[in-house]
Amino acid sequence: MIKLGVNIDHVATIRQAREGRFPDPVLAAVAAERGGADGITAHLREDRRHVQERDIRLLLQMVQTKVNLEMSTAQEMLDLACELRPADCCLVPEKRKELTTEGGLNVIDHQERIQAAVRQLSRADIRVSLFVDPDLEQIQAAAEVKTPIVELHTGRYAAARNGQQLKKEWDKLWQAAALAQELGLIVHAGHGLDFHNVQEIAAIPGIQELNIGHAIVARALFDGMENAVREMKRLMREAALSGG
Ligand code: PXP
């Protein structure tokens, strides 16, 4: 059954607004697991704007499911991941000025460097995922660098504002998921998913995991983390059963 990785970055964003001690993303992770999260995702950015190294170290001790460490391909980050050894690592492009991860990795142009990163992490028994746009050539390149997983960037789908755009972006995701599976890759997806658009994505055949942060943390402000996660999982399961 389709799995939900809950991204707790934005709990850390609120904490960092005052550079204080609360709210603690580690406690958010524990609550997310009580609500049914299958994993906890956290993006340790090079600029440390929200999640801190301390959070990852504590998450690795507290999380009962699995930790998915999202990070750039900078050598400093790869070395840190090999020291910390989370179960999963999702490699993303990072720009200092972006509000959030804007696009997928350009695996085609940086094949050698990304292949070296996949190799280094795999040797440390970390399952690697490459965050890529739903572009068939990028999927092909991802398979060539021997990543076991691709996470399809759903941001454009989430930002689509009319039926035609939605259909175009959904078709791209569907085709990318199909090709990835043909090439033997495990398929995850995420970015910009919320309580209204998640079902169409969860219904794409073969997608095994969704990583969702902002919408769940936002809903948690009103309903609590456990309820927010429970509702997201209910929607995902319902869609996967009807579509997948
Ligand atoms: N997956 C990846 C690779 C991401 O970079 C992000 C954002 O940090 C997410 C999923 C979650 O996106 P959102 O917070 O929009 O749900």
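Just so you know, ligand 1 is whichever comes first in the structure, and atom 1 is the first atom listed for that ligand. Nothing here was measured: the structure is a model prediction, and the numbers come from that model.
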Separation between CG (D88) and CD1 (I40), nearest 0.5 Å, reads 12.5 Å
For the residue pair H10 and H214, does the interplanar ring angle fall in the parallel (under 30°), tilted (30 to 60°) or perpendicular (over 60°) class?
perpendicular
Considering distance alone, does some N or O of C90 sit under 3.5 Å from an N or O of ligand 1?
no
Output yes when the distance from some N or O of ligand 1 to some N or O of H214 is under 3.5 Å, and no in every other case.
yes
Quick one: list whatever passes ring-ring contact (aromatic ring centres under 6.0 Å, His included) with H110, sequence neighbours left out.
none
Applying a 4.0 Å heavy-atom criterion (strictly less than), which segment of E151 is in contact with ligand 1: side chain, backbone, both, or neither?
side chain
Can you find an N or O of E70 that's nearer than 3.5 Å to an N or O of ligand 1?
yes
Considering only NZ, NE, NH1 and NH2 on the basic side and carboxylate oxygens on the acidic side, decide whether D9 and R45 come within less than 4.0 Å.
no
Counting from 1 in the order shown, the ligand 1 atoms closer than 4.0 Å to a non-hydrogen atom of V92 are 3 (C)
Looking just at side-chain N and O atoms, do E94 and H43 make a donor-acceptor pair shorter than 3.5 Å?
yes
Heavy-atom contacts under 4.0 Å between D9 and ligand 1: side chain, backbone, both, or neither?
side chain
So for G192, does at least one of its heavy atoms come nearer than 4.0 angstrom to any atom of ligand 1?
yes
